[in-house]
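Per chain, numbering begins at 1; letters A, B, ... match sequence-line order.
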Amino acid sequence: MARRLIEAPPQAVTSPAVRIRGLRRTFGSNVVLDDLDLDIAPGEFVALLGRSGSGKSTLLRILAGLDLPQAGSTEVVGAASVAFQEPRLLPWRRVADNVGLGLRRRSRADRRARAAEVLGEVGLTDKTDAWPVTLSGGQAQRASLARALVNDPELLLLDEPFSALDALTRIEMHALVLKVWNEHRPSVLLVTHDVDEALRLADRVIVLSAGRIVHESRVTNPRPRALHDEAIAHRRIELLGHLGVAEPESSHPAQKESA
Amino acid sequence: MPGPEVARLVGMTTLATAPAKRQRRTAGLRRAISPLALLALWQIASTTGVLPADKLSPPSDVVTALIDLWQAGALQDAVGISVQRVLIGFALGATAGVGLALVAGLSRTGEEAIDPPMQMLRTLPHFGLLPLFILWFGIDETPKVTLIALGVAFPLYVNTFAGIRGVDPKLIDAGRALGLSWSERIRHVILPGALPSALVGLRLSLGVAWLTLIVAEQINTTAGIGFLVSDAAAFSRTDEVVGGLLVYSLLGLLTDSFVRLIERKALAWRVG
């Protein structure tokens with residue numbers, strides 16, 4: 001078991017929780033991941049930005065063990081778990097049983113107790129015995145997050161888990177993810193195409209294009225972050241530029257609350 | 001079996017919520033009025049002589065005939081034998097149908113080996129095989145039971161196979177990501193996901209089982225409800241003929257409500 005005693009912000013000198021070298025994945029003649037290298041430090045929150053087809057979901061699937069690369073290596077220290085864009089709860093299992101599904105080696109009572117505990121963490125205590133079909137989109141996504149957390153993973157893979165939620169629910173989910181990350185300190189790889197989401201949550205934002213990392217930004221602002229903060233706003237323009245989107249220069253700079 | 005079996009799948013899955021149930025009860029009472037009126041009309045037509053008893057006996061005579069048959073013990077014997085034929089035939093056919101669907105559904109090789117012949121044989125009207133079966137198996141229980149088994153196997157195969165293949169691949173992926181082994185994915189994801197469709201197959205196949213029984217019992221039989229009916233017809237006892245038909249439909253209704261009950265219990269997750 002990897003012990004997590006890191007207090008200081010993670011540095012490159014600690015041995016990485018995830019180590020990816022020379023990763024290559026092609027579908028026919030289409031090169032999706034092209035000789036990709038990436039390290040993620042223990043407890044580091046990394047956001048992976050990219051347009052559709054940039055290879056970001058493929059990278060996540062490989063780390064989750066759902067896809068195999070043609071070349072290269074991936075090393076993950078400890079357990080990894082995934083929360084997907086759709087909650088993917090089994091409709092025929094009650095919420096607690098869905099959450100406990102990753103704990104099959106334990107007794108039923110043990111599974112229920114641990115599931116109840118994690119459901120409490122994500123604020124779903126009252127939905128323990130509900131059928132997934134009765135949950136709202138946000139609740140289902142919380143349950144899905146609980147299922148990913150139930151094994152206390154060293155690496156949490158988040159595949160656009162908030163993109164299907166309404167804007168208000170998404171803000172709540174951002175706060176929730178930061179809360180559980182603060183409490184458990186797993187390494188996080190968040191795949192997203194939302195620049196603001198990446199800037200709000202991550203220690204490091206990586207831009208993937210045509211299967212290669214084309215840009216990296218460290219975000220050192222303390223959380224919770226205000227998106228209108230000068231440094232963040234600057235990062236946004238930079239990231240959008242690397243994604244091939246030119247954001248119009250603000251014609252009212254006075255409206256920005258520069259602290 | 002004809003193709004539309006699968007198309008009927010959607011219409012046959014029924015879901016009920018509490019208010020809908022209440023609404024259906026009052027609607028059910030109102031819907032009972034016209035059948036009862038028809039029954040009354042039939043009784044009146046018979047008593048006034050418009051409907052001669054040698055063509056069709058009145059409902060009252062049908063009930064009396066059934067009571068007489070019961071008291072003589074003939075009805076119990078006949079029902080016992082017919083039910084036994086259906087049960088044995090159904091058990092054989094269901095084992096074959098579900099077993100083949102599992103093999104074809106869970107492996108590509110299995111699908112390639114099993115599905116093409118099944119899809120071809122499915123189009124064969126199984127009643128047409130009765131003369132051949134009599135030739136092969138004689139005239140005792142074997143051809144009847146085999147014919148029922150054959151009729152049962154196909155709707156169960158088709159719907160269970162479709163159910164397995166219809167399970168959302170994203171759920172199977174989620175199972176893999178959670179570390180479920182192949183057999184655990186089958187148990188926790190694929191089989192429960194295939195169940196709604198398989199239960200539709202079950203209802204269809206039980207309908208086919210009773211229908212096949214009726215056809216099979218018309219020929220060379222010395223026991224069972226079919227024998228009771230053909231024997232009665234030989235003596236123009238239309239009361240016993242109609243009584244026998246009534247028993248057939250009650251038995252069919254009974255097995256159908258049994259499947260509905262299973263659906264309500266096993267598929268509770270669809271309504272919550």
**Request:** Select one option (side chain, backbone, both, neither) describing which atoms of A/R93 are under 4.5 Å from chain B's heavy atoms.
**Result:** side chain
**Asked** Are more than 12 heavy atoms from other residues, nucleotides or ligands located less than 6.0 Å from atom CZ of B/F258?
**Response** no
**Request:** Pick one of side chain, backbone, both or neither for B/L180, based on which atoms fall under 4.5 Å of a heavy atom in chain A.
**Result:** both
**Message:** Shorter than 4.5 Å, heavy atoms on both sides: which option in A/L101, A/N151, A/D97 has the most such pairs with chain B?
**Reply:** A/L101
**Message:** Tell me whether A/K179 at atom NZ has more than 12 heavy atoms from other residues, nucleotides or ligands lying less than 6.0 Å away.
**Reply:** yes
**Request:** Give the intermediate values and the outcome of side chain to side chain contact (heavy atoms under 4.5 Å, CB included) for residues B/L178 and A/R147.
**Result:** CA-CA 9 Å; B/L178 282 167; A/R147 186 170 67 178; 3.7 Å; yes
**Fill in**
Smallest heavy-atom separation, B/H188 atom then A/L90 atom, equals O-CD1, 3.6 Å
**From CH2 (B/W269) to CH2 (A/W131), nearest 0.5 Å** = 9.0 Å
**Asked** Which heavy atom in A/P91 sits nearest to a heavy atom in B/L171, and how many Å separate them?
**Response** CD-CD1, 3.9 Å
**Taking every non-hydrogen atom, the tightest pair across B/D173 and A/R88** = CB-NH1, 3.7 Å
**Prompt:** Side chain, backbone, both or neither: which part of A/L157 has an atom under 4.5 Å from a heavy atom of chain B?
**Reply:** neither
**Asked** What do you reckon, is CZ of A/R21 surrounded by more than 12 foreign heavy atoms closer than 6.0 Å?
**Response** yes
